[in-house]
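Below, chain A is the first sequence line, B the second, and so on; all start at residue 1.
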2 protein chains.
Amino acid sequence: MLSPTGGTPQTPTRVLVIDDEPQIVRALVINLKARRYEVDAAHDGATALELAAARHPDVVVLDLGLPDMDGVEVIRGLRGWSRVPILVLSARHTSDEKVEALDAGADDYVTKPFGMDELLARLRAAVRRAEPTGAGEDDVMVETEEFTVDLAAKKVNRGGKDVRLTPTEWHLLEVLVRSTGRLVSQKQLLQEVWGPSYGTETNYLRVYMAQLRRKLEADPSHPRHFITEPGMGYRFEP
Amino acid sequence: MLSPTGGTPQTPTRVLVIDDEPQIVRALVINLKARRYEVDAAHDGATALELAAARHPDVVVLDLGLPDMDGVEVIRGLRGWSRVPILVLSARHTSDEKVEALDAGADDYVTKPFGMDELLARLRAAVRRAEPTGAGEDDVMVETEEFTVDLAAKKVNRGGKDVRLTPTEWHLLEVLVRSTGRLVSQKQLLQEVWGPSYGTETNYLRVYMAQLRRKLEADPSHPRHFITEPGMGYRFEP
DNA sequence: CGGGACCGTCAGGGTTGCGTCAAAGACCGG
DNA sequence: CCGGTCTTTGACGCAACCCTGACGGTCCCG
């Protein structure tokens with residue numbers, strides 16, 4: 001797994017690394033960047049807090065042994081305004097320090113020396129946990145002048161009223177809308193909606209595209225949003 | 001700090017402990033109960049999954065070395081339908097196993113022998129993180145023109161009188177109301193209400209959806225709030 | 001100018017999925 | 001041990017959906 005988000009190319013995950021030992025920072029930065037993370041680094045607590053406020057990282061890796069302030073203070077400073085996952089690094093093995101850091105608001109605690117694989121796995125876990133919160137607020141909605149598609153709720157609204165779509169109609173619409181503006185080949189549409197073994201039954205597409213247009217286009221015989229590219233495929237335009 | 005929730009007396013945090021070693025279970029149960037957690041225990045994977053589905057714990061402590069199935073399978077079984085925090089215990093120190101468990105969906109990984117203080121701190125951290133989800137359920141009252149659902153009090157009021165719901169009916173209603181307006185697939189409903197192994201028994205849904213409508217809809221044969229989307233799932237509309 | 005390829009439209013038939021009812025089985029408390 | 005409630009299971013009618021074939025239109029190319 002190279003991409004931290006699991007494959008789909010989207011906005012990269014932003015990591016803030018806070019440590020005063022250059023070799024640790026270097027190792028982390030190299031490994032994280034190789035896995036398509038976007039990385040900021042700070043070597044003391046003050047700049048760390050500034051950077052966090054400015055860049056809004058998706059996850060923080062924090063070494064407790066900082067030159068200017070106690071690591072737990074950094075955690076409290078972050079927790080005052082943010083719920084970003086905090087992964088603590090420390091050379092101390094004592095239980096007390098772990099408990100203090102975790103109760104201050106840290107999400108995980110890794111003792112040095114640590115295995116890079118494990119650290120990255122814990123980092124993935126922390127990011128994954130935080131995702132639903134952030135994703136829940138994002139309304140995945142695509143709008144045109146005539147209708148609105150809500151991908152999360154699986155709803156289509158047109159003129160204030162919900163439009164009823166059959167499963168196949170919805171599935172087809174979903175595939176088209178997910179690559180808005182781009183051409184989707186007939187083969188790809190058929191395989192995504194009807195399954196991998198369907199590649200040539202283009203008449204299915206004709207029938208269901210007509211039903212979609214009838215339900216969503218103002219003038220179904222002159223479509224403005226569901227454009228057909230003869231011989232190639234279809235395209236959705238907002 | 002005696003109470004896990006930080007002092008205010010509210011519904012206690014429910015922990016599910018999964019381990020086949022009696023002395024470990026005993027030590028955990030004693031420590032957790034002393035801190036006002038509500039504790040369920042299972043000594044194998046099968047009963048663990050059943051208990052999780054039945055009791056809906058707020059956090060799970062899972063030993064990977066179980067007699068009947070691989071611990072990672074238990075994680076996957078839980079993750080199929082729940083986002084409950086999972087804290088993994090294991091005697092293995094190898095990085096591979098940690099990575100595998102974390103990527104399967106575990107939230108934290110503690111190697112045995114572990115310090116009880118640290119484990120409890122990690123448990124607190126896991127529960128605290130999950131709270132935003134749980135906080136959404138707190139004072140949520142969903143109202144329609146005909147009835148009112150109080151998710152916190154687990155009560156449904158219709159025309160000034162409380163409506164009696166069986167556990168399954170309530171559970172189904174809860175899942176639907178928790179994602180008001182959004183479509184919930186029948187697979188998701190089945191797995192959330194009946195457990196992860198129920199994905200295809202759609203007749204259960206038909207029966208219980210009918211009972212819900214009979215108890216809550218003005219005209220059960222023409223539902224206005226419990227909408228069925230043929231082939232896809234159901235949706236609750238206020 | 002004619003033929004073929006491609007697309008849009010329509011309607012009918014097989015199949016699936018849903019709602020409903022009823023009865024048997026599991027569980028609980030008395 | 002018994003009675004009640006809740007859950008599970010099966011059968012049946014009906015509506016909706018999916019597939020299919022046929023027909024007509026348009027565009028491109030021979």
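Here Y234(A) lies in heavy-atom contact (under 4.0 Å) with sugar-phosphate atoms only.
When rounded to the nearest whole Å, the span between CG of L172(B) and P of dC6(D) equals 16 Å. Per the geometry, CZ belonging to R164(A) stands 15 Å off P belonging to dG17(C), to the nearest Å. Look at CG on L212(A): it is 12 Å from P on dT9(C), rounded to the nearest Å. The nearest whole Å value for the distance from the CD1 atom in I227(A) to the P atom in dC6(C) is 21 Å. Rounded to whole angstrom, the span from the CE atom of M232(A) across to the P atom of dC7(C) amounts to 11 Å. For the pair Y208(A) OH and dA16(D) C1', the interatomic distance rounds to 11 Å; values are reported in whole Å.
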Inset, instruction - For V15(B) and D40(B), run side-chain contact (heavy atoms from CB on, under 4.5 Å): C-alpha distance rounded to whole Å, both residues' side-chain angles, the deciding distance at 0.1 Å, then the answer. - result: CA-CA 6 Å; V15(B) 187; D40(B) 295 314; over 6 Å; no

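Of the candidates dC18(D), dT8(D), dG21(D), dC18(D) carries the atom nearest the T168(A) side chain, counting heavy atoms from C-beta on. Distances from the side chain of P167(B) to the nucleotides dT20(D), dG8(C), dT7(D) place dT7(D) closest.
Residues N203(B) and N203(A) each lie close to DNA chain D; by heavy-atom proximity, the contact nearer the 5' end of the strand is made by N203(B). Each of R206(B) and Q211(A) was matched to the nucleotide of DNA chain D holding its nearest heavy atom; the match closer to the 5' end belongs to R206(B).
Contact check on E237(B) versus K155(A) returns a salt bridge, with a Lys/Arg side-chain nitrogen under 4.0 Å from an Asp/Glu carboxylate oxygen. Classification of E21(B) and R26(B) as a salt-bridged pair fails, no side-chain N sitting under 4.0 Å from a carboxylate O.
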